[in-house]
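The structure appears right after this line, and notes come after that.
None of these values were measured; they are calculated from a predicted model. The first residue in the sequence is number 1, and the count goes up from there.
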Amino acid sequence: MLKSLRKRIKDMNKVIKFFLGFAWKEYPQYYLFVVMQIVVDSIGPFITIIGTKYLINEIVYPEKRNLNMIIFLVLFICIGTLMYRSLHKFVTEKQYYSCDIVDTAIRKHCGSRCMKMKFEYTENSDVLDDVQKAGRAIEEADVQTIIEGFTDIISGFIVLSGVFVLIVNCSIWLLVPIVLSFAVSTFATMKSTKLREEYYKVYTEQLREQDYYMHNLTESKYAKDIRVYKASGMILDNQKIMGENIYRVAKKSYRQMWKFEGADGIISQICTTAIYIIIGLNTLIAKITIGDFSSLVQSANEFKNSMQKISRGIFSIRYAASVLQNYVDFIESIDMESESDKESASAKVDLTKAPVIEFKNVSFKYPNTDRYILQNVNTVIKSGEHIAIVGQNGAGKTTFIKLLCRLYDVTDGEILLNGVNIKQYSFVDYIKMLSVVFQDYKLMAFSIIENVAMDDSDSPEARDKAKKLAELVELSDWIESLEKKEETNIYKQFDEAGVEPSGGQAQKLSIVRALYKNSPMVILDEPTAALDPVAEYEIYQHFDKLVGGKTAVYISHRLSSCRFCDRIIVFNDGTIIEDGSHDELMNVENGFYAHMYNTQAKHYKESA
């Protein structure tokens with residue numbers, strides 16, 4: 001148990017250090033407002049505690065009455081209270097403003113780490129759960145939660161020390177109900193915090209499913225199928241079941257919390273009554289003045305509130321740390337991988353010439369599966385060579401491209417770039433070598449120029465370069481017809497005037513993006529599937545001319561589109577079964593490629 005406690009304290013310290021350090025790095029002024037908050041909260045209560053004591057005594061006791069002193073004390077209380085409330089409001093607003101700045105930076109930090117994590121993790125449900133937990137953690141708690149906890153603890157101790165002397169001088173018995181109230185409150189807060197932690201763990205496990213219903217299924221890409229196949233009933237039923245499960249867990253947790261909070265409220269009220277009785281009796285026997293009575297009632301309440309603030313601050317920090325642990329663990333795991341990638345990077349990618357790629361005895365199976373998708377693949381893609389990868393569905397073509405792009409690591413064998421294992425290059429440098437148009441390419445809800453040029457969209461030559469490339473793929477007429485031209489937003493998420501490109505327009509735009517990057521190796525993974533065969537052939541021909549002396553890899557189901565390639569590699573059942581030029585493969589007796597080509601040609605002739 002002691003070992004578990006030490007680990008928990010160590011983890012909590014790590015989380016606190018991470019977030020407070022992050023806040024200091026992003027916006028150090030934050031801590032100026034925190035210090036101001038502590039000073040204001042520590043001084044504020046004593047304005048009325050001290051002021052009302054002397055004011056009441058001046059008014060009630062004729063022998064002490066002094067009009068000038070009464071006016072001074074009234075002004076002291078009024079101006080002091082006004083200043084306290086104004087300063088309190090000012091520093092609170094400044095803290096929340098600072099918190100917003102830090103929270104925005106944390107979300108950006110989280111987003112950047114998600115984009116840097118290995119691609120294979122984007123298809124791993126366990127990692128996606130970790131991502132979900134990390135995102136939910138910074139929604140549930142934040143830096144301000146931790147800082148408010150420390151503010152409560154520090155200001156609570158300061159006020160506690162000040163009013164302790166006043167209370168003890170009156171009656172030591174006042175400490176009994178105060179300490180009892182504090183003990184019960186601490187116990188109730190501790191139990192409630194533990195229940196909140198347990199509920200949060202159960203709740204986050206169901207969040208990814210909830211987000212799927214709330215966000216993904218409301219996207220336009222699902223809208224047609226949901227309506228055509230009347231899927232709304234099934235979806236709503238599943239969502240209802242999920243909601244009921246969450247409600248049952250929440251109901252059970254909050255019922256238990258209410259029991260502890262209810263007991264705390266009852267005991268607190270009893271202790272407050274006891275405090276009034278003790279102070280009242282001391283007033284009746286003239287041990288204290290009426291002014292002292294008022295001051296001590298406030299002091300006792302402040303003493304009790306300060307102890308509860310300290311308790312609340314401790315458990316608030318504990319809860320925030322337990323929740324934010326998910327975020328820190330996720331970030332650390334991604335950062336460790338990034339550091340490992342940097343440490344293993346001993347070679348530099350030459351971006352000035354077309355690369356040579358070699359697959360040596362490469363076999364691959366996806367994580368957590370036993371079936372090999374590729375087996376003993378051996379091939380060399382020469383510098384400046386244009387090759388086509390063909391084969392039936394499921395033959396392993398796209399997996400071959402994923403390995404080439406280092407989206408996955410090979411299970412067996414190795415891939416060499418210019419004779420060096422690709423793992424010897426940093427992923428960031430390696431990916432600079434590639435311009436890829438994936439089969440499931442994606443455009444983003446940004447402007448056309450941002451989709452094409454990405455980080456380079458603000459450069460002076462970006463628009464001219466993009467326009468020239470758009471002309472080459474016959475997309476310029478469409479762009480020029482738009483009111484805002486290349487500044488037009490794709491889709492309508494951020495702009496009602498955004499456009500929905502057709503399948504062909506979207507595919508051409510993705511090709512322009514690949515050309516714009518101008519890397520020494522280009523890959524087209526069946527991006528033109530939505531185009532007719534003639535349009536596809538023309539784009540491939542244009543693209544091949546633009547590629548020039550670069551190394552190029554094409555994947556297409558339509559074999560006629562690949563005739564211009566220097567070499568064609570034929571995949572079947574995860575292995576290379578044929579390799580050669582179009583003419584060579586057509587002359588292979590009973591050849592797989594020749595059979596596929598003739599079958600497709602016959603189909604097009606019959607269709608014509």
Exercise. Cut-off 3.5 Å, side chains only: do Gln298 and Thr52 have a donor facing an acceptor?
Worked result: yes
Exercise. Can you name the residues that form a side-chain hydrogen bond (donor to acceptor under 3.5 Å, both in side chains) with Asp41, not counting sequence neighbours?
Worked result: Gln37, His88
Seminar exercise, completed: Contacts of Leu75 meeting side-chain contact (heavy atoms from CB on, under 4.5 Å) (sequence neighbours excluded), chain-then-number -> Ile71, Ile79
Problem set entry | Which residues share a side-chain contact (heavy atoms from CB on, under 4.5 Å) with Glu58, sequence neighbours left out | Asn66, Met69, Ile70, Leu73
Exercise. Ion pair present between Lys484 and Asp495, side-chain N to carboxylate O less than 4.0 angstrom?
Worked result: yes
Exercise. Within the side chain of Asn451, is there an N or O that forms a donor-acceptor pair under 3.5 Å with the backbone of Met444?
Worked result: yes
Exercise. Are any non-hydrogen side-chain atoms of Arg513 and Met454 less than 4.5 angstrom apart?
Worked result: yes
Exercise. Taking C-beta and beyond as the side chain, do Arg312 and Glu148 meet within less than 4.5 Å on heavy atoms?
Worked result: no
Exercise. Taking the side chain from Tyr31 and the backbone from Leu20, do they hold a donor-acceptor pair closer than 3.5 Å?
Worked result: yes
Problem set entry | Counterpart residues, side-chain hydrogen bond (donor to acceptor under 3.5 Å, both in side chains), relative to Asp429 (two or more places apart) | Ser426
Exercise. Can you list the residues that meet the ring-ring contact (aromatic ring centres under 6.0 Å, His included) rule with Phe22, with sequence neighbours excluded?
Worked result: His109
Exercise. In chain order, what residues pass the side-chain contact (heavy atoms from CB on, under 4.5 Å) check against Ile158, with sequence neighbours excluded?
Worked result: Ile38, Ser42, Ile154
Problem set entry | Pairs satisfying side-chain hydrogen bond (donor to acceptor under 3.5 Å, both in side chains), at least one member in residues 152-168, at least two apart | Ser155-Lys309
Exercise. Does a side chain donor of either Tyr30 or Gln144 reach within less than 3.5 Å of an acceptor in the other side chain?
Worked result: yes
Problem set entry | Under 3.5 Å donor-acceptor, Asp142 side chain and Ile138 backbone | no
Exercise. Heavy-atom distance under 4.5 Å between the side chains of Asn489 and Val499, does that happen here?
Worked result: no
Exercise. Restricting to pairs with a member in residues 316-326, which pass salt bridge (Lys or Arg N to Asp or Glu O under 4.0 Å), not counting sequence neighbours?
Worked result: Glu197-Arg318
Problem set entry | Heavy-atom closest pair, residues Ala274 and Pro177 | CB-CB, 4.0 Å
For this session: Decide whether Glu450 and Ser447 meet the rule of one side-chain donor and one side-chain acceptor closer than 3.5 Å.
Result: yes
Exercise. Mind checking what makes ring-ring contact (aromatic ring centres under 6.0 Å, His included) contact with Phe494, not counting sequence neighbours?
Worked result: none
Exercise. Quick one: are the ring centres of Phe19 and Tyr327 less than 6.0 Å apart?
Worked result: yes
Exercise. Side-chain contact, heavy-atom cut-off 4.5 Å: Ile43 with Tyr84?
Worked result: no
Problem set entry | Listed partners of Ala321 passing side-chain contact (heavy atoms from CB on, under 4.5 Å), at least two apart | Met12, Val15
Seminar exercise, completed: Residues passing the side-chain hydrogen bond (donor to acceptor under 3.5 Å, both in side chains) test with Glu26, sequence neighbours excluded, are none
Exercise. Do the side chains of Thr92 and Phe33 get nearer than 4.5 Å, heavy atoms only?
Worked result: no
Exercise. Considering residues at least two apart in sequence or located in another chain, which fulfil the side-chain hydrogen bond (donor to acceptor under 3.5 Å, both in side chains) criterion with Glu139?
Worked result: Arg107
